[in-house]
Each structure stands twice: as C-alpha cells, then as structure tokens.
Protein chains: 2
Amino acid sequence: MVVKKSLTPAAVVEVALGVVDEHGPEGLTLAAVAQRCGVVTPSLYKHVASLGELKTLVGVRVLEDMTEQFTATALGRSGDDAVTTLMHAYRAYVAAHPKRYAALPMDPMHDPIQAAAGQKLIGVMLATLRSYGLEGPAAIQATRRLRVLVHGFASIESAGGFGLPEDLDETYDQLIQMYLTSLRNES
Amino acid sequence: MVVKKSLTPAAVVEVALGVVDEHGPEGLTLAAVAQRCGVVTPSLYKHVASLGELKTLVGVRVLEDMTEQFTATALGRSGDDAVTTLMHAYRAYVAAHPKRYAALPMDPMHDPIQAAAGQKLIGVMLATLRSYGLEGPAAIQATRRLRVLVHGFASIESAGGFGLPEDLDETYDQLIQMYLTSLRNES
DNA sequence: CTCATAGGCTAATGGCATTAGCCTATGGGC
DNA sequence: GCCCATAGGCTAATGCCATTAGCCTATGAG
C-alpha cells in the first residue's frame, strides 16, 4: 500500500526543522511550513497548537538530536579522550547545522515540554566527566564550565562572530586544553 | 525656552532600548516604540529607515555602552587584576540588562554600521591583556578565549539557563581562574 | 451500512511593517 | 517682516502573518 503523507505532528516538526536550517529561526513561520507541507496555513492547527508550540517542539527535536549524536560519539571513551571527543562533536554539530543551533532555547529547563530533553543533554556531559571522580557540587561546576565553553564558542562561531575564520581550530584546541587543565586542578 | 521633544534618531534608539529592556528583543516593534514616543507608527520612518535599522542601531548603542563601562572599570589596572575586573564587569552588565544583552548581534563585524563599535569592544579586551606581553596571534587567541568565556556564561545566565542560581558566583570564579591559568601557561 | 471524526478548506479578524501622499509650522534667506 | 522649502507629523492603503470559527468529506470502527 502506498504510504499516505498523513502529516503527523512529528512530520510537521521535521518540515519546520528544514525551514529553520534554510532560513534561520526568524524564518520559521507557520505559513512557510504549511507551504512545504502542501497545505494551507490554518490546517496546521490540526497538528500543532500554535507557532510557539512548534518552536518549542523544534527545540526539543534539536536537543534530542544533539544528545543522540554526542552519546554515540562518547560511548566507549573516558577521561580526557571522552571530553575532547565530546567537545569536538559539539562543535561539529553546530557547524553542520548553524541556523538550527540558533533555534535552541538557552533555558530548556524552564519549559516543561523541553525540560526532559535538556536534562538528558546535560546528563551526557555529566556522564562524560564521570571518570574524573568528581563529587556532587564539583561535578555540577565542571559541567557548567564545559557548557559555557562549548556554547560560548559554538554560538559565536555559528554566527560568524569571529572576525577571521583563521586558526579557529587552534582556538578551540586551546579551549579544550584550558578545560582539561581545570579538571586536573580540581581533583 | 522649553525644550521640544524633537525626537531625534538617537532619542528613538533610546526609547527602543527601553522597550527591549522591558519586553526583550522580540518585543522590539515599531508600533511599541511609536506609542512610547507619543507618535503614530509611520512617523518613525522620518527618523529610522526600518525596523531592521533600528535593531542595528540598538545593537550599536549596547556595544558602546558596554565598551564605556568596561573601559572605566579596567582603567588603571593590569594583569590578573585587570582581567578579573573586566570579567566581573561583563557579568555585571549583563545581569543588569539581561534582555538588552540578548539583543546583541553575535557578528557585529559583518555589519558596516556595527563594525566599529564591535571592534572597540574587542579592543578593550585586547588592551586588558596587554600587560601579559602576548604577541600578535597569541594575543588574538587569548582574546577569543576570553570572549568565549564571558559570552558563554553571560548568555546562559541571562537567559536563566543554569538550572539553579546556586553557586553561580563560584562557577564564575572557576572560569576566571581557568582563564588566568591559561594565560600563564601561554607565555 | 452508518456515523463520528480526522484533517483538509474558506472566510474573517487583528497586529505589524512599510509606502504614498497630504498638511503645517518653522526658521533661514531675502 | 515676508516667503517658501522642508522637517516631521498624519491618514489611508497594502500585504504578510497568526489565529479562530465554522464547513465539508472521506474513512474506518462498530
């Protein structure tokens, strides 16, 4: 039987993701999504509650996507190797989908719909640090530092915020070394 | 003579800044600005070319504001003291105007109107590192690392992105120490 | 076979940006 | 002191977008 394009909510989010990848977060509009779905705008309300909700769902989708990628990459590694790999994976993801990254909410924890996905992503970072044997608060601090580094770099790079793209690999390596050193000085 | 509210472009930007502070960057709308100016929307076009231009000008204004604050704070200091002070000033500015910070473009260099202001802000950071005697490329790398740290932390904190506000001062202190260490390991 | 409903559609409302064109006060040149 | 260009306000109109209401049809469960 031919598969009908039944247009599930998930499919709508998928299309929305495509729109974001092409036109950025500001370009994400119900009208644009509807057109790509071959449907008239109001029809979308049968699948999502509003533009706001769609944006939220897109955010969740991206968070899950990142979590999956990073998990796969970090599996079977530990220590500096794991951290280095995770940081590279983070940068690679954002480089591959720059517009998409800009669609991420910086406070996923404050939205009940996104909280779980955000928690999982942070969980991957926390798990990556496991082999350092950091206890409670120290582990949280280390995770925060990591988050600051990868997000800071990724958000600037993806926006083309560094004047020249020259030596950016070197810059990132330095950030990684800086972070690894901070981990060593902590235990 | 009573000073007329002549509504210069600068005044419009000022009002826009107020709107951003209150409602965030998405709330910055010509309609909102016009209302605050006690004027009808189309009238604004006599002072700014478009909403886009106004946003750009707001960005310039914020960049200049930050530059001024940081310059004043860093004057007369050098070495770790200067860096520490600058980083605290950055965080303080963003904490004082969280919405405003979100209105900043991450790629000021790509806009001819904002380039100068962006350059100056980066210049303050570069100057703050002067006493470390870093040469050319090394100085640029150090500036980039600094930028990544302060922006990463500030953007997450201002969005309320850290789960609990607990121990954020400690987190920031760790970031500062981490950065200072990276400076020492470099020369 | 029937009928509830999923999922599409059209029509209508209201907010916003933007453009065109009008109108008035004012201040600089004479 | 007079005259007019213009700065700076206004109304009207267009077009895009989100959102709501209400209609219509095919389909699949009973």
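Sequence lines set the chain letters: A, B, ... in the order given, protein chains first and strands last, and positions in each chain run from 1.
The separation between A:K55 atom NZ and D:dA18 atom C1' is 11 Å, rounded to whole Å. In this structure, A:L30 atom CG and D:dA18 atom C1' are separated by 7 Å, rounded to whole Å. When the C1' atom of C:dC9 is taken as reference, atom CG of A:L7 falls 14 Å away, rounded to whole Å. If you take NE2 of B:H23 and C1' of C:dC16, they are 16 Å apart, rounded to a whole angstrom.
With the nearest nucleotide of DNA chain D identified for both A:A31 and B:P42, B:P42 has the one nearer the 5' end.
Salt-bridge annotation for B:K55 and B:D111: absent, with no side-chain N of the basic residue lying under 4.0 Å from a carboxylate O of the acidic one. A salt bridge is absent between A:D21 and A:K99: the closest approach of a Lys/Arg side-chain nitrogen to an acidic carboxylate oxygen does not fall below 4.0 angstrom. For the pair A:R100 and A:D65, the salt-bridge criterion is met [side-chain N within less than 4.0 Å of a carboxylate O].
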(Q) Pair A:R145, A:S182 - check side-chain hydrogen bond (donor to acceptor under 3.5 Å, both in side chains), show working. (A) CA-CA 9 Å; A:R145 291 200 308 277; A:S182 85; 3.1 Å; yes
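Listed by residue number, A:S43, A:K46, A:H47 are the residues of residues 43-53 of chain A with a heavy-atom contact under 4.0 Å to DNA chain C.
Out of C:dC9, D:dA18, C:dC16, the shortest distance to the side chain of A:V39 is found at C:dC9.
Donor-acceptor pairing under 3.5 Å is lacking for the side chains of B:D80 and B:Y179.
Contacts of A:H151 classified as side chain to side chain donor-acceptor pair (under 3.5 Å), with partners at least two apart in sequence or in another chain: A:Y101, B:S155.
Distances shown here put a side-chain N or O of B:T29 below 4.0 Å from the OP1 or OP2 atom of C:dA17.
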